[in-house]
Structures are given as C-alpha cells and as structure tokens.
Amino acid sequence: MNKDIYLTNSLGNKKDKFIPIIENKIGMYVCGPTVYDDPHIGNARPLVVFDILYKVLKCRFGKNKVTYVRNITDIDDKIIKSSLEKKIPTKELTEKITNNFHDDCEYLFCEKPSYEPKATENISLMIDMINKLIQNGYAYLNNEHVYFEVKKFQDYGKLSNKNLEELIAGSRVEISENKNNPEDFVLWKPSKDNEPYWESPWGNGRPGWHLECSVMSKKYLGDKFDIHGGGRDLIFPHHENEIAQSRCANENEIFANYWVHNGFITISNEKMAKSQGNILKINDLKKNINGQVLRLALISTHYKQALDWNDRLINECQNTINKWYESYAEIKKPILIPDEYLDPLYDDLNTPGYIANLHKLYEKSQKGDLRDKEIFTSACNFIGLLNENNKEWESFKKVKINISEDEILAKIEERNIARENKNYKEADKIRNHLLDKGVLIEDKDGKTSWKIK
C-alpha cells in the first residue's frame with residue numbers, strides 16, 4: 001500500500017504532502033559536518049533525523065530509488081583557525097576529524113549516504129559556478145574577492161520569511177570594504193600566507209562556505225531536487241544563500257522543493273554553546289552510553305521541536321532499551337511491519353508517535369509468540385534500534401568508578417572557576433575528565449550537580 005508522506009516545509013512554514021519531482025527518483029541533500037572539531041550532540045541530531053527520513057523514503061519508494069547526499073566541508077575559516085591552534089596541517093586535521101565523524105555515525109547506527117562528497121574535491125566546479133554568476137550579472141570582483149550581490153535576487157529572504165532589513169538586523173554581517181553592500185556574501189576569497197589555496201581566475205584562494213553546498217548538491221542531484229535538510233541554525237544565512245546563488249547560476253525558479261530543518265538541543269534548558277562551557281561531544285559519551293540509547297534520546301522529541309538533553313532523558317531511554325531487549329528476536333529474513341504502526345513516520349516523521357507504537361508492539365510481544373517478537377524487533381530495527389543482539393547489549397559495560405566524592409567536588413569547583421574566567425577550553429577538559437570517570441555533571445539555574453553514570 002502506497003502511503004503519502006507529509007513533511008513540514010520551511011519554505012512556507014507548513015506541512016505539505018511530499019510529491020517528488022520525478023516519481024521513483026528521489027533526491028535528498030543534507031548539510032554535513034565542517035570538520036574542524038569532533039562532532040557534538042547538536043550535530044548528532046540531524047544525523048539521526050535524516051537517517052530515519054532516508055529509511056522512510058526508501059520504504060515508500062524503494063531502496064534503489066532514493067539518492068541521499070551528505071557533504072563533508074573540509075575547507076573553511078574554522079578549519080584554518082583550528083589547524084593553527086592545534087599546530088597541525090589542515091589536511092591532517094580534516095582527515096582526523098572526518099574519521100572521528102564516521103566513527104560517530106557508526107556508533108549511532110546511521111546508514112551511509114549514497115554519496116559523501118568533500119568540498120576540496122570539487123573546487124573546479126565551484127570556480128565554474130562563480131564564473132556563471134559573474135556572467136549572469138549576480139556576482140562582482142573586488143580586490144581578489146568575488147561576492148554575490150544579494151539585492152539582485154528578488155526572492156532573497158523567502159526561506160527565512162523575513163525581508164532583507166530584518167535579516168541584516170538579526171545577524172552578524174561580515175564587515176568588509178571590499179563589498180558593494182553589507183549583505184553581500186563571499187563566493188571566493190584570497191588565501192593568506194601559509195593557508196591552503198587553489199588557483200583561480202581571480203588569484204590563489206578558496207571558495208566561500210555557502211557555495212560549496214550549491215555545487216555538491218548540483219553535481220549529484222541536478223539543478224533542482226526534492227529535499228534539502230539541516231539544522232534550524234542553517235536557515236540563515238547558509239540555506240538562504242544557497243538558494244540565491246543556485247537559482248541565479250542555474251537560471252531556474254526552483255532549487256529544492258522541500259526544506260526540512262530540525263530543532264536545537266539544549267543542555268538542562270541552557271543553550272549549548274562554547275560560551276556556556278557545556279558542549280557535549282559524541283565521543284565523550286561513548287564509554288558510558290550505548291549508541292542505541294543516544295539514538296532513542298535524539299528522536300524522543302519531534303524533530304521540529306527543541307530537545308532538552310538531561311540526565312533523566314538518558315536514564316529513561318536506557319531503561320526503555322533495556323526493557324525492549326526482553327522481546328528481542330533474531331531476524332532471519334525481513335519482516336513486514338503493519339502499516340498502522342508505520343503511519344506516524346509518514347506523517348512528518350513523527351518519531352514520538354512511532355515510539356508509542358513500539359511500546360504497544362512490545363506489550364503485544366510479551367503476551368504473544370515468537371512471531372510477535374520478530375515483528376517488534378523488526379519495527380525497532382526500522383529506526384535503527386535493537387541492531388545488536390542480546391549478548392552484545394549485555395556486554396556493553398559502563399566505566400568503573402575510580403574517583404571519590406571529594407575529588408568530584410574539587411573538579412567541579414575547578415570547572416566553575418574556569419567558567420568564571422571564561423576559560424571554556426579548560427572547563428570542557430574537566431567535564432570530559434569526569435565523564436571518563438563515569439561522572440555526569442549537569443548545570444542548571446546557576447548550580448552544578450553530578451551523578452554517577
């Protein structure tokens with residue numbers, strides 16, 4: 001039975017029925033990581049959300065009918081800054097972080113995308129697009145910089161649902177005497193001494209971040225495609241700029257038909273940010289928390305909504321997965337999941353609704369026979385859960401605690417002092433040290449509490 005899929009489209013901000021441009025040839029592009037530092041749980045959310053959307057699309061249209069592209073940004077100002085701070089070459093840094101990112105994907109039980117292009121492997125195509133924008137009158141050269149002239153694109157701001165003045169007022173606009181207008185964004189910039197560079201008609205330099213995604217999506221999905229995804233923080237300026245330059249270079253009225261954005265993650269109701277000293281990296285959680293538990297936590301709230309990350313959430317998800325393994329069954333061949341249980345996922349990727357159905361299937365499996373357990377396990381597998389067998393699950397051991405309460409309190413005091421002095425690097429180091437010891441700390445209402453994991 002062919003079910004209709006509905007998605008909340010940020011372009012218009014309403015739930016729309018998904019109608020592909022070409023039936024049985026679905027294209028989805030999702031902005032991947034900028035590999036300057038190890039991914040944190042905020043990066044993990046779109047990884048899992050769009051992994052599930054990929055599964056739903058394949059279920060509906062066929063596994064060979066969906067192309068999922070997720071890029072690697074391996075040249076960017078943040079990467080150059082990080083390589084200088086770490087005193088290692090950019091290539092060494094990006095390769096290391098990319099490998100760590102792939103480890104994190106595996107830990108979270110995410111499927112590999114159809115394609116995973118790297119920015120540095122597509123520079124010539126970026127130069128071609130810039131030339132096309134200059135030729136079409138949307139870009140200009142000044143002092144070895146090439147900029148996109150925003151005012152020449154009349155639909156700028158439609159994704160954000162704001163006019164140009166509102167967008168400029170609500171964001172940090174790069175100030176540069178090389179620009180014609182404050183809102184113009186860079187397509188190509190010259191490289192400084194000892195920075196990576198590529199030859200171009202405008203001198204040795206590197207592309208702008210926004211341009212990279214426009215080129216890589218075009219390469220694999222064409223001038224227009226079905227779904228573009230990412231976190232809400234990318235709507236402006238990144239996705240707004242992608243639309244502008246892609247439509248102007250490709251000379252069409254459409255770039256992507258559906259724009260899907262996941263909400264933010266907070267840490268105990270506080271914004272996750274370096275300035276707060278509360279960045280939680282995926283790698284820091286691996287020793288104490290199974291990837292299935294993290295995955296369930298990341299989909300416990302609807303993807304559009306903010307997700308608060310706290311100790312209670314992790315404990316609840318740990319207990320749920322532990323309970324569900326009571327009905328685990330080895331699946332020898334694919335089991336068809338009843339349509340009524342899949343319905344929530346077709347309705348705007350409603351993972352909480354699907355999890356509620358899993359609880360119903362679990363209760364049924366506890367009273368039923370092996371077949372019921374197989375259906376339940378298969379339904380869990382569908383969203384990337386219960387992928388390990390019982391033995392593997394049981395063998396996952398938490399870190400043994402080898403730190404006293406006095407030591408924990410002393411470390412928390414050290415961290416508080418570091419945060420007061422805005423030494424967030426040291427604060428993160430202390431938090432990670434405690435995590436390694438099996439101690440989870442939580443900041444709330446100006447106070448820090450701790451708990452053994």
* Counting only N and O atoms by type, is there a donor-acceptor contact under 3.5 Å from the side chain of Glu392 to the main-chain atoms of Asn389? -> yes
Indicate whether the side chain of [X] and that of [Y] have a donor and an acceptor atom separated by less than 3.5 Å.
{"X": "Thr98", "Y": "Asn100", "result": "no"}
{"X": "Asn122", "Y": "Lys219", "result": "yes"}
{"X": "Asn71", "Y": "Tyr115", "result": "no"}
{"X": "Tyr140", "Y": "Asp184", "result": "yes"}

* Knowing that exactly one of Asp38, Asn432, Asp428, Asp37 qualifies, which makes a side-chain hydrogen bond (donor to acceptor under 3.5 Å, both in side chains) with Lys281? ->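 Only one option passes, and that is Asp37.
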Tell me, do [X] and [Y] make a side-chain contact under 4.5 Å, heavy atoms counted?
{"X": "Asp347", "Y": "Lys15", "value": "yes"}
{"X": "Leu349", "Y": "Lys304", "value": "no"}
{"X": "Ile282", "Y": "His40", "value": "no"}
{"X": "Ser191", "Y": "Trp198", "value": "no"}
{"X": "Asp226", "Y": "Phe18", "value": "yes"}
{"X": "Asn180", "Y": "Tyr147", "value": "no"}
{"X": "Leu93", "Y": "Thr90", "value": "no"}
{"X": "Ile72", "Y": "Val35", "value": "yes"}

* Six-ring centre of Phe153, Lys151 cation under 6.0 angstrom, axis tolerance 45° ->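 Checked: cation-pi criterion not met.
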* Asked: Checking Lys286 against Tyr107: charged group under 6.0 Å from the ring centre and within 45 degrees of the axis?
  -> yes
Could you check whether the rings of [X] and [Y] sit parallel, tilted or perpendicular, using 30° and 60° as the cut-offs?
{"X": "His210", "Y": "His238", "answer": "tilted"}
{"X": "Phe236", "Y": "Tyr156", "answer": "perpendicular"}
{"X": "Phe148", "Y": "Phe185", "answer": "parallel"}
{"X": "Phe255", "Y": "Phe225", "answer": "perpendicular"}

Closest approach of [X] to [Y] (non-hydrogen atoms, all atoms of both residues):
{"X": "Tyr258", "Y": "Lys17", "answer": "OH-O, 2.8 Å"}
{"X": "Tyr68", "Y": "Pro113", "answer": "O-CB, 3.4 Å"}
{"X": "Val66", "Y": "Ser114", "answer": "O-OG, 3.7 Å"}
{"X": "Arg70", "Y": "Pro117", "answer": "O-CD, 3.8 Å"}
{"X": "Glu144", "Y": "Trp188", "answer": "O-CD1, 4.1 Å"}
{"X": "Asn357", "Y": "Glu340", "answer": "ND2-O, 3.7 Å"}

For [X], look at atom [atom1] and say whether over 12 heavy atoms of other residues, nucleotides or ligands are found less than 6.0 Å away.
{"X": "Lys25", "atom1": "NZ", "value": "no"}
{"X": "Lys55", "atom1": "NZ", "value": "yes"}
{"X": "Glu199", "atom1": "CD", "value": "no"}
{"X": "Glu106", "atom1": "CD", "value": "no"}
{"X": "Asn194", "atom1": "CG", "value": "no"}
{"X": "Tyr197", "atom1": "OH", "value": "no"}
{"X": "Lys162", "atom1": "NZ", "value": "no"}

* Applying side chain to side chain contact (heavy atoms under 4.5 Å, CB included), run through Leu7 and Ile227 and close with a yes or a no. => CA-CA 10 Å; Leu7 296 169; Ile227 299 169; 3.9 Å; yes
Do NZ/NE/NH1/NH2 and the carboxylate oxygens of [X] and [Y] come within less than 4.0 Å?
{"X": "Lys3", "Y": "Asp339", "result": "no"}
{"X": "Lys224", "Y": "Glu253", "result": "no"}
{"X": "Glu116", "Y": "Lys112", "result": "no"}
{"X": "Glu240", "Y": "Lys158", "result": "no"}

* To do: Kindly indicate, with the supporting measurements, whether the criterion salt bridge (charged side-chain N to carboxylate O under 4.0 Å, His left out) is fulfilled by Glu374 and Lys332.
  => CA-CA 9 Å; Glu374 288 176 338; Lys332 295 178 182 177; over 6 Å; no
* **Trace of the side-chain hydrogen bond (donor to acceptor under 3.5 Å, both in side chains) decision for Asp76 with Thr34** => CA-CA 8 Å; Asp76 182 75; Thr34 299; 5.1 Å; no
* Step-by-step side-chain hydrogen bond (donor to acceptor under 3.5 Å, both in side chains) determination, Ser214 to Ser246 -> CA-CA 6 Å; Ser214 283; Ser246 292; 2.7 Å; yes
* To do: Go through the steps for Asp443 and Arg415 under the test salt bridge (charged side-chain N to carboxylate O under 4.0 Å, His left out), then give the verdict.
  => CA-CA 11 Å; Asp443 301 309; Arg415 180 172 174 271; 2.9 Å; yes
* To do: Could you give me the CA-CA distance, side-chain angles and deciding distance for Leu57 and Ile5, then say whether side chain to side chain contact (heavy atoms under 4.5 Å, CB included) is met?
  => CA-CA 8 Å; Leu57 291 169; Ile5 295 174; 4.0 Å; yes
* Output, in order, the C-alpha distance, side-chain angles, deciding distance and verdict of side-chain hydrogen bond (donor to acceptor under 3.5 Å, both in side chains) for Asn252 and Asn250. => CA-CA 6 Å; Asn252 60 19; Asn250 300 332; 5.0 Å; no
* To do: Under the side-chain hydrogen bond (donor to acceptor under 3.5 Å, both in side chains) rule, what do Lys86 and Ser82 come out as? Steps first, then yes or no, please.
  => CA-CA 6 Å; Lys86 293 178 170 63; Ser82 180; 3.0 Å; yes
* Working for side chain to side chain contact (heavy atoms under 4.5 Å, CB included), residues Leu386 and Phe109 -> CA-CA 10 Å; Leu386 268 60; Phe109 298 95; over 6 Å; no
* Given salt bridge (charged side-chain N to carboxylate O under 4.0 Å, His left out), test Arg431 with Asp284 step by step and report yes or no. => CA-CA 9 Å; Arg431 173 192 279 275; Asp284 296 330; over 6 Å; no
* Asked: Where do His359 and Trp324 land on the ring pair (Phe, Tyr, Trp, His ring centres under 6.0 Å) test, with the steps shown first?
  -> CA-CA 8 Å; His359 282 294; Trp324 283 355; 5.2 Å; yes
* To do: Check the pair Arg295 / Asp51 against salt bridge (charged side-chain N to carboxylate O under 4.0 Å, His left out), numbers first and verdict last.
  => CA-CA 11 Å; Arg295 188 176 176 96; Asp51 180 65; 2.6 Å; yes
* Test Asn9 against Asn13 for side chain to side chain contact (heavy atoms under 4.5 Å, CB included), laying out the working first. => CA-CA 5 Å; Asn9 192 351; Asn13 196 29; over 6 Å; no
